[in-house]
Engineer: 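Before we start, here is the structure in question, set down as C-alpha coordinates.
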Number of protein chains: 2
Amino acid sequence: MKNRLNKELVIRLLKYRRILNQLKNLGFEKVFSNNLGDAIGVAPALVRKDFSLLVLGGNKRGGYNIDYLSEQLNRILGKTREQKIVIVGMGKIGTAIAQYKGFLQGDFEVAAGFDVRAVDVPPGLTMPILSLEDLPEYVAKNHIEVAILSVPEDQAAECHRLLKEAGIRGLLNFTPVELKTTPNCIIHNINIGVEIENLFFQVIKNGLPLHLELADGAGSEEDDSE
Amino acid sequence: MKNRLNKELVIRLLKYRRILNQLKNLGFEKVFSNNLGDAIGVAPALVRKDFSLLVLGGNKRGGYNIDYLSEQLNRILGKTREQKIVIVGMGKIGTAIAQYKGFLQGDFEVAAGFDVRAVDVPPGLTMPILSLEDLPEYVAKNHIEVAILSVPEDQAAECHRLLKEAGIRGLLNFTPVELKTTPNCIIHNINIGVEIENLFFQVIKNGLPLHLELADGAGSEEDDSE
DNA sequence: TAGATTGTTAATCGATTAACAATC
DNA sequence: TAGATTGTTAATCGATTAACAATC
(Lines give C-alpha, C1' and ligand atoms only; values in the text may rest on other atoms or scores of the structure.)
Protein backbone atom coordinates (compact mmCIF):
# COMPACT_ATOMS: atom_id res chain seq x y z
CA MET A 1 0.00 0.00 0.00
CA LYS A 2 2.33 2.68 -1.25
CA ASN A 3 1.81 6.33 -1.05
CA ARG A 4 -0.79 6.93 -3.75
CA LEU A 5 -2.28 10.40 -3.39
CA ASN A 6 0.80 12.07 -2.03
CA LYS A 7 0.95 15.69 -1.01
CA GLU A 8 1.83 17.18 -4.37
CA LEU A 9 -0.71 15.09 -6.21
CA VAL A 10 -3.54 16.11 -3.90
CA ILE A 11 -2.72 19.77 -4.38
CA ARG A 12 -2.75 19.32 -8.13
CA LEU A 13 -6.09 17.54 -7.94
CA LEU A 14 -7.56 20.38 -5.89
CA LYS A 15 -6.33 22.84 -8.48
CA TYR A 16 -7.64 20.77 -11.38
CA ARG A 17 -11.02 20.74 -9.73
CA ARG A 18 -11.06 24.50 -9.38
CA ILE A 19 -10.13 25.00 -13.02
CA LEU A 20 -12.71 22.46 -14.14
CA ASN A 21 -15.43 24.26 -12.22
CA GLN A 22 -14.49 27.51 -13.89
CA LEU A 23 -14.48 25.91 -17.32
CA LYS A 24 -17.84 24.35 -16.59
CA ASN A 25 -19.22 27.76 -15.69
CA LEU A 26 -17.98 29.04 -19.03
CA GLY A 27 -19.91 26.30 -20.80
CA PHE A 28 -16.97 24.15 -21.88
CA GLU A 29 -17.40 20.41 -22.20
CA LYS A 30 -13.97 19.09 -23.10
CA VAL A 31 -10.47 19.89 -21.89
CA PHE A 32 -7.00 18.71 -22.98
CA SER A 33 -4.08 17.77 -20.76
CA ASN A 34 -2.43 20.68 -22.46
CA ASN A 35 -4.93 23.20 -21.09
CA LEU A 36 -4.92 21.88 -17.56
CA GLY A 37 -1.13 21.73 -17.50
CA ASP A 38 -0.90 25.36 -18.55
CA ALA A 39 -3.49 26.40 -16.01
CA ILE A 40 -1.69 24.96 -13.01
CA GLY A 41 1.84 25.21 -14.33
CA VAL A 42 2.92 21.61 -14.95
CA ALA A 43 3.74 19.56 -18.03
CA PRO A 44 0.80 18.03 -19.89
CA ALA A 45 2.37 14.62 -19.41
CA LEU A 46 1.96 14.99 -15.69
CA VAL A 47 -1.72 15.81 -16.05
CA ARG A 48 -2.22 12.66 -18.09
CA LYS A 49 -0.21 10.62 -15.64
CA ASP A 50 -2.26 11.91 -12.73
CA PHE A 51 -5.54 10.94 -14.37
CA SER A 52 -4.12 7.66 -15.54
CA LEU A 53 -3.10 6.82 -11.99
CA LEU A 54 -6.62 7.52 -10.79
CA VAL A 55 -8.07 5.54 -13.71
CA LEU A 56 -9.80 8.58 -15.13
CA GLY A 57 -9.78 8.04 -18.87
CA GLY A 58 -9.98 10.55 -21.70
CA ASN A 59 -10.61 10.17 -25.41
CA LYS A 60 -7.62 9.70 -27.63
CA ARG A 61 -8.60 12.65 -29.72
CA GLY A 62 -11.35 14.40 -27.81
CA GLY A 63 -9.49 15.13 -24.58
CA TYR A 64 -11.22 14.73 -21.22
CA ASN A 65 -14.87 15.23 -20.37
CA ILE A 66 -15.13 18.06 -17.88
CA ASP A 67 -18.28 16.87 -16.15
CA TYR A 68 -16.90 13.40 -15.72
CA LEU A 69 -13.53 14.59 -14.39
CA SER A 70 -15.21 16.99 -12.04
CA GLU A 71 -17.50 14.31 -10.61
CA GLN A 72 -14.69 11.86 -10.18
CA LEU A 73 -12.46 14.41 -8.49
CA ASN A 74 -15.29 15.24 -6.12
CA ARG A 75 -15.57 11.57 -5.33
CA ILE A 76 -11.84 11.18 -4.74
CA LEU A 77 -11.38 14.41 -2.84
CA GLY A 78 -14.55 14.03 -0.79
CA LYS A 79 -16.59 17.05 -1.74
CA THR A 80 -19.79 16.15 0.02
CA ARG A 81 -18.56 16.12 3.58
CA GLU A 82 -19.73 19.02 5.75
CA GLN A 83 -16.66 20.98 6.64
CA LYS A 84 -16.72 23.14 9.70
CA ILE A 85 -13.72 24.89 11.14
CA VAL A 86 -12.95 27.14 14.07
CA ILE A 87 -10.54 30.03 14.25
CA VAL A 88 -8.42 30.52 17.33
CA GLY A 89 -7.22 34.10 17.67
CA MET A 90 -9.69 36.71 16.46
CA GLY A 91 -7.23 39.51 15.88
CA LYS A 92 -6.80 41.15 12.50
CA ILE A 93 -5.80 38.05 10.60
CA GLY A 94 -8.32 35.81 12.31
CA THR A 95 -11.27 38.05 11.57
CA ALA A 96 -10.07 38.62 8.03
CA ILE A 97 -10.00 34.88 7.41
CA ALA A 98 -13.38 34.48 9.09
CA GLN A 99 -14.83 36.76 6.45
CA TYR A 100 -12.93 35.24 3.54
CA LYS A 101 -15.36 34.87 0.66
CA GLY A 102 -13.47 32.03 -0.97
CA PHE A 103 -14.69 29.68 1.72
CA LEU A 104 -18.20 29.78 0.37
CA GLN A 105 -17.24 28.17 -2.93
CA GLY A 106 -15.17 25.64 -1.09
CA ASP A 107 -17.99 24.34 1.06
CA PHE A 108 -16.45 25.53 4.31
CA GLU A 109 -18.08 27.17 7.21
CA VAL A 110 -16.36 28.94 10.05
CA ALA A 111 -18.45 27.67 12.92
CA ALA A 112 -16.98 29.90 15.61
CA GLY A 113 -14.06 32.10 16.58
CA PHE A 114 -12.19 31.94 19.87
CA ASP A 115 -10.10 34.46 21.73
CA VAL A 116 -8.64 34.99 25.18
CA ARG A 117 -9.97 38.51 25.39
CA ALA A 118 -13.56 39.55 24.98
CA VAL A 119 -13.62 40.69 21.36
CA ASP A 120 -16.22 42.92 19.80
CA VAL A 121 -17.95 41.00 17.06
CA PRO A 122 -17.09 42.94 13.90
CA PRO A 123 -20.10 43.98 11.81
CA GLY A 124 -20.93 41.45 9.12
CA LEU A 125 -19.56 38.53 11.10
CA THR A 126 -22.21 35.88 11.55
CA MET A 127 -20.45 33.33 13.75
CA PRO A 128 -20.10 33.65 17.52
CA ILE A 129 -16.84 34.61 19.18
CA LEU A 130 -16.31 32.57 22.30
CA SER A 131 -13.79 32.37 25.11
CA LEU A 132 -10.87 30.00 24.76
CA GLU A 133 -12.08 28.21 27.88
CA ASP A 134 -15.12 27.02 25.97
CA LEU A 135 -13.06 25.53 23.16
CA PRO A 136 -12.77 21.91 24.32
CA GLU A 137 -16.48 21.57 24.96
CA TYR A 138 -17.41 23.30 21.70
CA VAL A 139 -15.06 21.15 19.63
CA ALA A 140 -16.37 17.97 21.18
CA LYS A 141 -20.02 18.90 20.89
CA ASN A 142 -19.80 20.09 17.27
CA HIS A 143 -17.34 17.46 16.03
CA ILE A 144 -14.81 20.05 14.86
CA GLU A 145 -11.69 18.48 13.38
CA VAL A 146 -9.86 21.38 11.74
CA ALA A 147 -8.81 24.74 13.14
CA ILE A 148 -6.98 27.86 12.09
CA LEU A 149 -4.44 29.33 14.50
CA SER A 150 -3.92 33.08 14.28
CA VAL A 151 -2.88 34.19 17.75
CA PRO A 152 0.18 36.31 18.60
CA GLU A 153 3.50 34.50 18.56
CA ASP A 154 3.84 34.17 22.32
CA GLN A 155 0.53 32.37 22.65
CA ALA A 156 1.10 29.93 19.80
CA ALA A 157 2.59 27.06 21.78
CA GLU A 158 -0.05 27.18 24.51
CA CYS A 159 -2.94 27.31 22.05
CA HIS A 160 -1.38 24.50 20.07
CA ARG A 161 -1.38 22.35 23.18
CA LEU A 162 -4.96 23.30 23.97
CA LEU A 163 -6.13 22.44 20.47
CA LYS A 164 -4.44 19.06 20.50
CA GLU A 165 -5.97 18.24 23.86
CA ALA A 166 -9.36 19.23 22.51
CA GLY A 167 -8.89 16.59 19.81
CA ILE A 168 -8.26 18.83 16.78
CA ARG A 169 -6.89 16.70 13.92
CA GLY A 170 -5.65 19.38 11.56
CA LEU A 171 -4.30 22.86 12.11
CA LEU A 172 -3.52 25.63 9.68
CA ASN A 173 -0.95 27.69 11.54
CA PHE A 174 -0.49 31.35 10.65
CA THR A 175 1.77 32.16 13.59
CA PRO A 176 5.51 32.50 12.98
CA VAL A 177 6.20 29.56 15.31
CA GLU A 178 6.89 26.42 13.29
CA LEU A 179 4.67 23.71 14.76
CA LYS A 180 5.27 20.02 14.11
CA THR A 181 2.91 17.41 12.75
CA THR A 182 2.20 14.51 15.08
CA PRO A 183 0.32 11.28 14.33
CA ASN A 184 -2.84 12.76 15.82
CA CYS A 185 -2.63 16.28 14.48
CA ILE A 186 -1.51 17.41 11.06
CA ILE A 187 0.01 20.88 10.93
CA HIS A 188 0.38 23.07 7.88
CA ASN A 189 2.42 26.15 8.60
CA ILE A 190 1.95 29.36 6.64
CA ASN A 191 4.63 31.82 7.65
CA ILE A 192 3.83 35.09 5.95
CA GLY A 193 7.04 36.70 7.16
CA VAL A 194 9.18 33.96 5.63
CA GLU A 195 7.13 34.15 2.45
CA ILE A 196 7.93 37.81 2.04
CA GLU A 197 11.59 37.37 2.93
CA ASN A 198 11.77 34.58 0.40
CA LEU A 199 10.10 36.65 -2.31
CA PHE A 200 12.51 39.52 -1.71
CA PHE A 201 15.46 37.20 -2.00
CA GLN A 202 14.18 35.68 -5.23
CA VAL A 203 13.58 39.13 -6.68
CA ILE A 204 17.09 40.28 -5.88
CA LYS A 205 18.56 37.05 -7.18
CA ASN A 206 16.48 37.32 -10.32
CA GLY A 207 18.12 40.68 -10.89
CA LEU A 208 17.46 42.81 -13.89
CA PRO A 209 16.39 40.50 -16.69
CA LEU A 210 18.47 40.99 -19.81
CA HIS A 211 20.88 43.85 -19.39
CA LEU A 212 22.71 44.37 -16.11
CA GLU A 213 22.99 40.91 -14.62
CA LEU A 214 23.93 40.83 -10.96
CA ALA A 215 27.40 39.76 -9.96
CA ASP A 216 27.27 36.21 -8.61
CA GLY A 217 25.14 33.40 -9.96
CA ALA A 218 22.20 35.65 -10.70
CA GLY A 219 20.67 33.48 -13.37
CA SER A 220 16.97 33.77 -14.04
CA GLU A 221 14.99 30.75 -13.07
CA GLU A 222 11.54 29.30 -13.06
CA ASP A 223 9.65 29.68 -9.87
CA ASP A 224 6.08 29.08 -9.06
CA SER A 225 3.39 28.96 -6.48
CA GLU A 226 4.04 27.37 -3.16
CA MET B 1 26.85 28.16 -12.99
CA LYS B 2 24.36 25.67 -11.64
CA ASN B 3 21.48 26.39 -9.42
CA ARG B 4 23.16 27.01 -6.08
CA LEU B 5 20.70 28.54 -3.65
CA ASN B 6 17.61 26.89 -5.01
CA LYS B 7 14.14 27.51 -3.69
CA GLU B 8 14.13 24.90 -0.93
CA LEU B 9 17.58 25.84 0.27
CA VAL B 10 16.74 29.52 0.57
CA ILE B 11 13.66 28.73 2.64
CA ARG B 12 15.75 26.56 4.94
CA LEU B 13 18.32 29.34 5.30
CA LEU B 14 15.61 31.84 6.20
CA LYS B 15 14.33 29.43 8.82
CA TYR B 16 17.81 28.74 10.20
CA ARG B 17 18.30 32.46 10.59
CA ARG B 18 15.09 32.84 12.55
CA ILE B 19 16.02 30.00 14.88
CA LEU B 20 19.52 31.36 15.34
CA ASN B 21 18.17 34.76 16.31
CA GLN B 22 15.94 33.16 18.89
CA LEU B 23 18.79 31.11 20.29
CA LYS B 24 20.95 34.21 20.42
CA ASN B 25 18.26 36.00 22.40
CA LEU B 26 18.28 33.12 24.84
CA GLY B 27 22.01 33.57 25.34
CA PHE B 28 23.19 30.45 23.49
CA GLU B 29 26.55 30.48 21.74
CA LYS B 30 26.80 27.10 20.02
CA VAL B 31 24.35 24.96 18.10
CA PHE B 32 24.54 21.46 16.60
CA SER B 33 23.24 20.31 13.24
CA ASN B 34 21.05 18.10 15.32
CA ASN B 35 19.28 21.03 16.97
CA LEU B 36 18.74 23.00 13.81
CA GLY B 37 17.46 19.94 11.99
CA ASP B 38 14.90 19.29 14.70
CA ALA B 39 13.85 22.92 14.73
CA ILE B 40 12.99 23.11 11.05
CA GLY B 41 12.12 19.47 10.50
CA VAL B 42 14.94 18.10 8.35
CA ALA B 43 17.73 15.56 8.87
CA PRO B 44 20.87 16.84 10.59
CA ALA B 45 22.89 15.70 7.59
CA LEU B 46 21.02 18.19 5.44
CA VAL B 47 21.84 21.02 7.82
CA ARG B 48 25.52 20.14 7.62
CA LYS B 49 25.34 19.82 3.87
CA ASP B 50 23.71 23.22 3.55
CA PHE B 51 26.42 24.91 5.60
CA SER B 52 29.10 22.94 3.84
CA LEU B 53 27.79 24.12 0.48
CA LEU B 54 27.95 27.71 1.66
CA VAL B 55 31.41 27.13 3.14
CA LEU B 56 30.22 27.86 6.66
CA GLY B 57 32.34 25.66 8.87
CA GLY B 58 31.67 24.30 12.33
CA ASN B 59 33.89 22.66 14.92
CA LYS B 60 34.22 18.92 14.82
CA ARG B 61 33.13 18.65 18.38
CA GLY B 62 31.81 22.06 19.35
CA GLY B 63 29.09 22.42 16.75
CA TYR B 64 28.50 25.75 15.01
CA ASN B 65 29.03 29.25 16.36
CA ILE B 66 25.68 31.00 16.41
CA ASP B 67 27.00 34.52 15.98
CA TYR B 68 29.13 33.51 13.05
CA LEU B 69 26.36 31.57 11.33
CA SER B 70 23.94 34.40 11.87
CA GLU B 71 26.29 36.97 10.38
CA GLN B 72 27.06 34.83 7.40
CA LEU B 73 23.42 34.09 6.73
CA ASN B 74 22.69 37.79 6.87
CA ARG B 75 25.41 38.33 4.31
CA ILE B 76 24.12 35.60 2.03
CA LEU B 77 20.47 36.46 2.40
CA GLY B 78 20.99 40.21 2.21
CA LYS B 79 19.71 41.45 5.52
CA THR B 80 20.78 45.04 5.26
CA ARG B 81 18.75 46.11 2.27
CA GLU B 82 15.83 48.42 3.03
CA GLN B 83 12.73 46.52 2.14
CA LYS B 84 9.59 48.41 1.32
CA ILE B 85 6.43 46.85 0.00
CA VAL B 86 3.00 48.02 -1.05
CA ILE B 87 -0.32 46.27 -0.59
CA VAL B 88 -2.88 46.33 -3.37
CA GLY B 89 -6.38 45.72 -2.08
CA MET B 90 -7.07 47.13 1.37
CA GLY B 91 -9.97 44.90 2.26
CA LYS B 92 -9.97 42.66 5.31
CA ILE B 93 -6.93 40.63 4.37
CA GLY B 94 -4.95 43.56 3.06
CA THR B 95 -5.39 45.64 6.19
CA ALA B 96 -4.69 42.64 8.38
CA ILE B 97 -1.38 42.08 6.61
CA ALA B 98 -0.60 45.79 6.77
CA GLN B 99 -0.75 45.55 10.54
CA TYR B 100 1.12 42.27 10.77
CA LYS B 101 3.60 42.55 13.62
CA GLY B 102 5.98 39.97 12.24
CA PHE B 103 7.13 42.43 9.61
CA LEU B 104 8.94 44.51 12.18
CA GLN B 105 11.37 41.76 13.07
CA GLY B 106 11.88 41.02 9.41
CA ASP B 107 12.99 44.52 8.46
CA PHE B 108 10.00 45.19 6.25
CA GLU B 109 7.93 48.25 5.96
CA VAL B 110 4.58 48.56 4.28
CA ALA B 111 5.05 51.87 2.53
CA ALA B 112 1.49 52.31 1.31
CA GLY B 113 -1.79 50.57 0.60
CA PHE B 114 -3.82 50.94 -2.58
CA ASP B 115 -7.47 50.41 -3.33
CA VAL B 116 -10.00 51.23 -6.03
CA ARG B 117 -12.49 52.56 -3.55
CA ALA B 118 -11.86 55.30 -1.05
CA VAL B 119 -11.12 53.31 2.10
CA ASP B 120 -11.30 54.62 5.63
CA VAL B 121 -7.87 54.38 7.17
CA PRO B 122 -8.33 51.93 10.04
CA PRO B 123 -7.17 53.21 13.43
CA GLY B 124 -3.60 52.28 14.18
CA LEU B 125 -2.59 52.16 10.54
CA THR B 126 0.33 54.47 9.89
CA MET B 127 0.77 54.19 6.15
CA PRO B 128 -1.32 56.10 3.60
CA ILE B 129 -4.02 54.44 1.53
CA LEU B 130 -3.95 55.73 -2.01
CA SER B 131 -5.98 55.29 -5.16
CA LEU B 132 -4.93 52.60 -7.62
CA GLU B 133 -4.44 55.30 -10.23
CA ASP B 134 -1.52 56.64 -8.25
CA LEU B 135 0.23 53.27 -8.11
CA PRO B 136 2.57 53.57 -11.13
CA GLU B 137 3.89 56.95 -10.07
CA TYR B 138 4.28 55.89 -6.44
CA VAL B 139 6.11 52.70 -7.33
CA ALA B 140 8.50 54.53 -9.62
CA LYS B 141 9.18 57.36 -7.23
CA ASN B 142 9.77 55.16 -4.19
CA HIS B 143 11.58 52.31 -5.98
CA ILE B 144 9.08 49.69 -4.83
CA GLU B 145 9.91 46.24 -6.13
CA VAL B 146 7.64 43.92 -4.18
CA ALA B 147 3.89 44.00 -3.67
CA ILE B 148 1.15 42.04 -1.99
CA LEU B 149 -2.05 41.41 -3.92
CA SER B 150 -5.21 41.00 -1.84
CA VAL B 151 -8.05 42.20 -4.05
CA PRO B 152 -11.26 40.28 -4.80
CA GLU B 153 -10.96 37.47 -7.30
CA ASP B 154 -12.52 39.35 -10.21
CA GLN B 155 -9.99 42.17 -9.97
CA ALA B 156 -6.92 39.97 -9.69
CA ALA B 157 -6.01 39.78 -13.37
CA GLU B 158 -6.41 43.50 -13.96
CA CYS B 159 -4.35 44.45 -10.90
CA HIS B 160 -1.72 41.93 -11.88
CA ARG B 161 -1.38 43.62 -15.23
CA LEU B 162 -1.22 47.04 -13.61
CA LEU B 163 1.48 45.94 -11.19
CA LYS B 164 3.62 44.44 -13.93
CA GLU B 165 3.32 47.59 -16.00
CA ALA B 166 4.34 49.62 -12.99
CA GLY B 167 7.54 47.59 -12.86
CA ILE B 168 6.86 45.42 -9.81
CA ARG B 169 9.40 42.56 -9.71
CA GLY B 170 7.84 40.29 -7.10
CA LEU B 171 4.26 39.66 -6.08
CA LEU B 172 2.82 37.73 -3.18
CA ASN B 173 -0.63 36.79 -4.42
CA PHE B 174 -3.38 36.04 -1.92
CA THR B 175 -6.18 35.93 -4.48
CA PRO B 176 -7.53 32.54 -5.55
CA VAL B 177 -6.44 33.21 -9.15
CA GLU B 178 -3.21 31.36 -9.89
CA LEU B 179 -0.86 33.91 -11.45
CA LYS B 180 2.23 32.90 -13.41
CA THR B 181 5.82 33.92 -12.92
CA THR B 182 7.39 35.73 -15.87
CA PRO B 183 11.04 36.68 -16.36
CA ASN B 184 10.29 40.19 -15.09
CA CYS B 185 7.96 39.40 -12.24
CA ILE B 186 8.18 36.54 -9.77
CA ILE B 187 4.86 35.37 -8.38
CA HIS B 188 4.32 33.41 -5.21
CA ASN B 189 0.74 32.27 -4.83
CA ILE B 190 -0.82 31.66 -1.45
CA ASN B 191 -4.26 30.17 -1.92
CA ILE B 192 -5.87 29.97 1.49
CA GLY B 193 -8.88 28.11 0.13
CA VAL B 194 -6.74 25.37 -1.36
CA GLU B 195 -4.69 25.22 1.83
CA ILE B 196 -7.79 24.48 3.86
CA GLU B 197 -9.16 21.98 1.35
CA ASN B 198 -5.80 20.27 1.39
CA LEU B 199 -5.67 20.15 5.16
CA PHE B 200 -9.14 18.66 5.33
CA PHE B 201 -8.18 16.00 2.85
CA GLN B 202 -5.03 15.10 4.75
CA VAL B 203 -6.97 14.89 8.00
CA ILE B 204 -9.54 12.54 6.53
CA LYS B 205 -6.83 10.46 4.88
CA ASN B 206 -4.89 10.35 8.12
CA GLY B 207 -7.97 8.84 9.69
CA LEU B 208 -8.11 7.71 13.24
CA PRO B 209 -4.58 6.87 14.27
CA LEU B 210 -4.33 3.35 15.65
CA HIS B 211 -7.74 1.77 15.89
CA LEU B 212 -10.29 2.21 13.12
CA GLU B 213 -8.24 2.74 9.98
CA LEU B 214 -10.15 4.13 7.01
CA ALA B 215 -10.97 1.86 4.11
CA ASP B 216 -8.63 2.59 1.21
CA GLY B 217 -4.94 3.40 1.52
CA ALA B 218 -5.41 5.44 4.64
CA GLY B 219 -1.90 5.03 5.97
CA SER B 220 -0.47 7.65 8.29
CA GLU B 221 2.26 9.76 6.82
CA GLU B 222 4.68 12.52 7.59
CA ASP B 223 3.64 15.93 6.48
CA ASP B 224 5.04 19.31 7.21
CA SER B 225 4.92 23.00 6.60
CA GLU B 226 4.47 24.35 3.13
C1' DT C 1 42.18 7.85 24.65
C1' DA C 2 37.30 7.76 24.08
C1' DG C 3 33.47 10.08 22.49
C1' DA C 4 31.00 13.12 19.76
C1' DT C 5 30.22 15.81 15.84
C1' DT C 6 31.47 17.60 11.44
C1' DG C 7 32.16 17.15 6.42
C1' DT C 8 31.44 14.47 2.41
C1' DT C 9 30.48 10.65 -0.49
C1' DA C 10 27.46 7.24 -2.13
C1' DA C 11 22.84 5.42 -2.08
C1' DT C 12 18.16 6.16 -2.06
C1' DC C 13 14.07 7.90 -3.05
C1' DG C 14 10.61 10.19 -5.60
C1' DA C 15 8.75 13.32 -8.67
C1' DT C 16 8.72 15.24 -13.21
C1' DT C 17 9.49 15.18 -17.99
C1' DA C 18 10.59 13.35 -22.57
C1' DA C 19 9.35 10.37 -25.95
C1' DC C 20 6.61 7.43 -28.49
C1' DA C 21 3.42 3.76 -29.55
C1' DA C 22 -1.48 3.21 -29.54
C1' DT C 23 -5.70 4.83 -31.26
C1' DC C 24 -9.62 7.69 -32.04
C1' DT D 1 -5.82 8.51 -44.36
C1' DA D 2 -3.71 12.15 -41.77
C1' DG D 3 -3.54 14.44 -37.61
C1' DA D 4 -3.93 14.97 -32.86
C1' DT D 5 -4.11 13.43 -28.31
C1' DT D 6 -4.02 9.95 -24.85
C1' DG D 7 -1.67 6.45 -22.02
C1' DT D 8 2.60 4.61 -20.51
C1' DT D 9 7.38 3.53 -20.29
C1' DA D 10 11.97 4.90 -19.76
C1' DA D 11 15.09 8.63 -18.77
C1' DT D 12 16.18 12.48 -16.22
C1' DC D 13 16.67 15.31 -12.69
C1' DG D 14 17.21 16.74 -8.07
C1' DA D 15 16.69 16.59 -3.33
C1' DT D 16 17.26 14.09 0.87
C1' DT D 17 19.20 10.70 3.73
C1' DA D 18 22.38 7.11 5.31
C1' DA D 19 26.78 6.08 6.42
C1' DC D 20 31.34 6.71 7.67
C1' DA D 21 35.95 8.58 7.68
C1' DA D 22 38.16 12.57 9.55
C1' DT D 23 39.14 15.10 13.57
C1' DC D 24 38.60 17.93 17.51
Side-chain angles (χ1 to χ4, degrees), chain A residues 1-16 20 23 28-66 68-69 72 181 198 217 219 221-226, chain B residues 1-16 20 23 28-66 68-69 72 181 198 217 219 221-226:
Chain A
M1 196 171 286
K2 277 293 177 58
N3 194 12
R4 278 175 31 123
L5 270 72
N6 63 59
K7 222 192 316 185
E8 290 83 2
L9 174 57
V10 170
I11 288 182
R12 285 197 300 277
L13 296 181
L14 291 167
K15 289 180 177 174
Y16 294 146
L20 290 170
L23 292 176
F28 284 63
E29 289 184 2
K30 301 285 184 184
V31 66
F32 301 125
S33 60
N34 201 358
N35 310 133
L36 285 172
D38 282 352
I40 78 163
V42 299
L46 185 53
V47 177
R48 297 197 294 276
K49 199 171 189 191
D50 287 344
F51 293 154
S52 171
L53 177 73
L54 300 170
V55 204
L56 307 179
N59 301 320
K60 288 274 176 185
R61 232 175 96 234
Y64 297 88
N65 181 300
I66 290 179
Y68 173 73
L69 273 190
Q72 293 302 308
T181 290
N198 185 28
E221 174 194 346
E222 269 322 288
D223 203 337
D224 239 313
S225 72
E226 299 285 283
Chain B
M1 194 171 289
K2 276 295 179 57
N3 193 13
R4 278 175 31 123
L5 269 72
N6 63 59
K7 220 192 318 181
E8 289 83 3
L9 175 56
V10 170
I11 288 182
R12 285 198 300 275
L13 296 180
L14 291 167
K15 289 180 178 175
Y16 294 146
L20 290 169
L23 292 176
F28 284 63
E29 290 182 1
K30 302 283 185 185
V31 67
F32 302 125
S33 60
N34 202 357
N35 310 135
L36 285 173
D38 282 350
I40 78 163
V42 299
L46 184 53
V47 177
R48 297 196 295 275
K49 198 170 190 193
D50 286 345
F51 293 153
S52 171
L53 177 73
L54 300 170
V55 203
L56 307 179
N59 301 319
K60 289 274 178 183
R61 233 175 95 234
Y64 297 88
N65 181 301
I66 290 178
Y68 173 72
L69 272 190
Q72 294 303 309
T181 290
N198 185 29
E221 174 194 349
E222 268 320 288
D223 203 338
D224 239 313
S225 73
E226 301 285 281

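Labels below follow one simple rule: chain letters A, B, ... track the order of the sequence lines, proteins then strands, and each chain is numbered from 1. The shown structure was predicted, so the numbers you read here are calculated from the model rather than taken from an experiment.
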Engineer: Expressed as a whole number of angstroms, how long is the span from B:Leu5:CG to D:dG14:P?
Structural biologist: 15 Å
Engineer: Distance from A:Leu13 atom CG to A:Gln72 atom CD, nearest 0.5 Å?
Structural biologist: 12.0 Å
Engineer: To the nearest Å, give me how far apart CG (A:Leu13) and P (C:dA15) are.
Structural biologist: 13 Å
Engineer: Hey, what do you get for CG (A:Leu23) to CD1 (A:Ile66), rounding to the nearest 0.5 Å?
Structural biologist: 4.5 Å
Engineer: Starting at atom CG of B:Asn35, determine the distance to atom C1' of C:dT6, rounded to an integer number of angstrom.
Structural biologist: 14 Å
Engineer: Mind checking what makes side chain to side chain contact (heavy atoms under 4.5 Å, CB included) contact with B:Glu8, not counting sequence neighbours?
Structural biologist: B:Asn6, B:Arg12
Engineer: Remember a base hit wins even if backbone is also touched, and classify A:Phe51 as base, sugar-phosphate or nothing at under 4.0 Å, heavy atoms.
Structural biologist: nothing
Engineer: Using nucleotides 16-22 of chain C, report all nitrogen or oxygen pairs with the protein that are shorter than 3.5 Å.
Structural biologist:
from	atom 1	to	atom 2	distance (Å)
C:dT16	OP1	A:Arg12	NH1	3.1
C:dT16	OP2	A:Arg12	NH1	3.0
C:dT16	OP2	A:Arg12	NH2	3.3
C:dT16	O4	A:Lys49	NZ	3.4
C:dT17	OP2	A:Ala43	N	3.3
C:dA19	N6	A:Arg48	NH2	3.4

Engineer: Indicate every side-chain donor-acceptor pair of residues 32-45 of chain B with a distance under 3.5 Å to a residue at least two apart or in another chain.
Structural biologist:
from	atom 1	to	atom 2	distance (Å)
B:Ser33	OG	B:Arg48	NH1	3.1
B:Asn35	OD1	B:Phe32	N	2.9

Engineer: Which donor-acceptor pairs under 3.5 Å do the side chains of residues 51-65 of chain A make with protein atoms, sequence neighbours left out?
Structural biologist:
from	atom 1	to	atom 2	distance (Å)
A:Asn65	OD1	A:Asp67	N	2.9
A:Asn65	OD1	A:Tyr68	N	2.9

Engineer: Taking all atoms of both residues into account, what is the closest heavy-atom pair of A:Asp50 and A:Tyr16, and its distance?
Structural biologist: OD2-OH, 2.7 Å
Engineer: Applying a 4.0 Å non-hydrogen cut-off, can you work out what A:Gly57 is touching in the nucleic acid: base, sugar-phosphate, or nothing?
Structural biologist: sugar-phosphate
Engineer: Using a 3.5 Å limit on both distances, find every run of at least three consecutive Watson-Crick or G-U pairs that involves DNA chain D.
Structural biologist: C:3-24 with D:3-24
Engineer: Please compare A:Tyr64 and B:Arg61 by the position of their nearest nucleotide in DNA chain D and report the one closer to 5'.
Structural biologist: A:Tyr64
Engineer: Using atom CG of B:Asp38 as one end and atom P of C:dT5 as the other, report the distance to the nearest whole Å.
Structural biologist: 13 Å
Engineer: Let me know the distance between CG of B:Leu53 and C1' of D:dG14, rounded to the nearest Å.
Structural biologist: 13 Å
Engineer: If I take atom CZ in residue B:Phe32 and atom P in nucleotide D:dC24, what distance separates them, rounded to the nearest angstrom?
Structural biologist: 16 Å
Engineer: Could you give the CG-to-C1' distance, from A:Asn34 to D:dA4, as a whole number of Å?
Structural biologist: 11 Å
Engineer: In whole angstrom, what separates B:Leu69's CG from C:dT6's P?
Structural biologist: 11 Å
